Amino acid sequence: MSWAQELESIITTATAAIKAAGSTSELEEIKVEYLGRKGALTTLLKNVGSLTAEERPQAGQSANAVKKEIEAGLSERAAALESTELDQQLLEGSVDTSLPGRRPSVGGKHILNQITDEILEIFLGLGYKVAEGPEVEVDWYNFEALNMPPEHPARSLQDTLYVGDENQAVLRTHTSPVQVRVMEKERPPVYIVAPGRVFRRDVVDPTHSPMFHQIEGFAVDKDVNFGHLIGTLETFIHTMFGKDRKVRLRPHFFPYTEPSAEVDVSCIVCGGKGCRVCSHTGWLEILGCGMIDPNVFKNVDYDPEEYSGFAFGMGVERIAMLKYGINDIRLFFENDMRFLGQYT
Ligand code: DAH
């Protein structure tokens, strides 16, 4: 093969190889193969001495032109390959921004905490303060100081969960002991709401749970009367359930209040006409209340001649059930997000 033919064959094979190269690293190999120190073109240039003196300048020029052409081909192909390689990398490690995102689940307040806060908020607005007491109580606070002597039926084993020996410690059966604890420490005037868990020896069914929540409220001051109690409860009920709710008091008995009453609100479902929710009475019972018994005052060293007061206690679950038409108390404690999620 003549020198010129060899040059011709180099440019032909190099161009074909460049075109066929599938990656930038293949291009590197081609570069070495043709333009490297031992490459085909370099070797051919070294052989320029075999040509005649007249042929040499022309040969050198054409070899340089070929070198330039190969270099240009290499860099052009490299640019194309680099951009497809980049596309490929982006595709492999890519994020499909058209996919719907994964929504982080956001926490929320349990419905019972919401209702509790709502109730406390109403009383805070009326000037009350929040107090709390222990869930494991002693007999004195849970019963005796509240005018429930040892033989009182409310102490029967059916209702109370005793802790330890000699029946001294009990899981509190209501939040009323907080009345005694606060009055022991503070002098009137006291205006208190006390939320918390209470415990009873109950079998679980749609309306009973051995653990539930109550809010106790009480006010002791000079010249507090039954009218103040009714006005306070009406304000609470109208704020909680709406202005068009009617309120009714029925005489009742509680050992720690005298007189005592149970308070009903006109049925939230039927408005008072009578339906299944209100057992066709038109009324729903929502709390117990009364004027604090002088015996309770004596137990905390308040003078019943100087001070008077009222107290009330309500079940948080019951209020929530009435407000939202929930028919099974167990739903509050099963932690099924399909239920709880509806109220956050
Ligand atoms: N302690 C009562 C109960 O658990 C509720 C109650 C009734 C609280 C009358 C009171 C009250 O403060 O005056 O059912």
Side-chain angles (χ1 to χ4, degrees), residues 116 119-120 123 128 130-135 137 139-148 152-156 158-161 170-184 190-202 207-221 224-234 236-237 247-265 284-297 299-300 302 304 307-319 321-322 329:
T116 301
I119 296 169
L120 295 179
F123 284 100
Y128 284 64
V130 176
E132 284 181 306
E135 291 171 3
E137 256 307 358
D139 191 274
W140 168 257
Y141 292 107
N142 196 80
F143 295 125
E144 192 135 10
L146 289 165
N147 205 26
M148 278 183 272
H152 196 279
R155 294 169 152 239
S156 97
Q158 286 167 23
D159 297 315
T160 310
L161 294 161
V170 295
L171 294 183
R172 67 176 176 190
T173 58
H174 52 179
T175 44
S176 303
V178 184
Q179 289 184 35
V180 183
R181 286 186 173 272
V182 170
M183 289 194 281
E184 248 181 13
V190 288
Y191 290 82
I192 298 286
V193 270
R197 288 190 192 91
V198 301
F199 307 85
R200 292 191 193 171
R201 194 167 164 265
D202 265 328
T207 54
H208 292 88
S209 162
M211 187 286 295
F212 59 101
H213 299 77
Q214 285 189 336
I215 293 179
E216 192 79 11
F218 58 100
V220 184
D221 207 335
V224 175
N225 63 42
F226 207 84
H228 296 132
L229 171 59
I230 296 176
T232 304
L233 293 178
E234 269 182 357
F236 161 67
I237 289 164
V247 180
R248 169 177 97 167
L249 273 79
R250 277 179 290 106
H252 199 76
F253 173 79
F254 295 104
Y256 29 95
T257 43
E258 179 60 32
S260 304
E262 275 188 335
V263 175
D264 298 337
V265 57
L284 298 163
E285 181 205 319
I286 62 160
L287 56 83
C289 65
M291 300 305 292
I292 298 175
D293 194 290
N295 286 338
V296 176
F297 281 151
N299 288 332
V300 296
Y302 281 11
Y307 297 110
S308 55
F310 59 75
F312 55 87
M314 66 185 101
V316 177
E317 284 78 0
R318 186 163 173 80
I319 303 276
M321 288 167 87
L322 295 178
I329 199 171

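Computed from a prediction, not measured in an experiment: that's the story for all the values here. All ligand and atom numbering here is 1-based and tracks the order in the structure.
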Checklist outcome for this item: Closest heavy-atom approach to atom 1 (N) of ligand 1 among Phe254, Phe310, Tyr256 is made by Tyr256
Next on the checklist: Using a 4.0 Å cut-off to any heavy atom of Thr257, which atoms of ligand 1 qualify?
Outcome noted: 13 (O)
Checklist entry - How many angstroms lie between atom CG of Asn147 and atom CG of Asn295, to the nearest 0.5 angstrom? => result 4.5 Å
Checklist entry - What atoms of ligand 1 come closer than 4.0 angstrom to any heavy atom of Ala311? => result 12 (O), 13 (O)
Item to check | Separation between CG of Asp264 and CG of Leu287, rounded to the nearest 0.5 Å | outcome: 9.0 Å
Checklist entry - Do you know the tightest heavy-atom contact between Cys289 and Thr257? => result O-OG1, 3.9 Å
Checklist entry - Does Phe143 reach the side chain of Thr160, with side-chain heavy atoms less than 4.5 Å apart? => result yes
Next on the checklist: How close do His152 and Pro255 get, counting heavy atoms only, and between which atoms?
Outcome noted: NE2-CG, 3.4 Å
Next on the checklist: Quick test: of every protein heavy atom, which one is nearest to atom 8 (C) of ligand 1, and how far off is it to 0.1 Å?
Outcome noted: Gly313 N, 3.4 Å
Checklist outcome for this item: In Val178, Val130, Ile119, the residue satisfying side chain to side chain contact (heavy atoms under 4.5 Å, CB included) with Pro195 is Val130
Checklist entry - With respect to atom 14 (O) of ligand 1, which of Glu258, Arg200, Met291 exhibits the smallest heavy-atom separation? => result Arg200
Checklist entry - Atom CZ in Arg181, atom CH2 in Trp140: separation rounded to 0.5 Å? => result 12.0 Å
Checklist entry - Under 4.0 Å from any heavy atom of Cys289, which atoms of ligand 1 are there? => result 9 (C), 11 (C), 13 (O)
Checklist outcome for this item: For Ser176, the ligand 1 atoms with a heavy-atom partner under 4.0 Å come out as 1 (N), 8 (C)
Next on the checklist: I'd like to know if Gln179 contacts ligand 1, where contact means a heavy-atom distance under 4.0 Å to any ligand atom.
Outcome noted: yes
Next on the checklist: With heavy-atom distances below 4.0 Å as the criterion, list the atoms of ligand 1 near Gly290.
Outcome noted: 13 (O)
Item to check | Numbered atoms of ligand 1 (with element) below 4.0 Å of Gln214, judged on heavy atoms | outcome: 3 (C), 4 (O)
Checklist entry - Are side-chain N/O atoms of Glu184 and Tyr141 paired as donor and acceptor at under 3.5 Å? => result yes
Checklist entry - For ligand 1, does Glu216 get within less than 4.0 Å through its side chain, its backbone, both, or neither, judged by non-hydrogen atoms? => result side chain
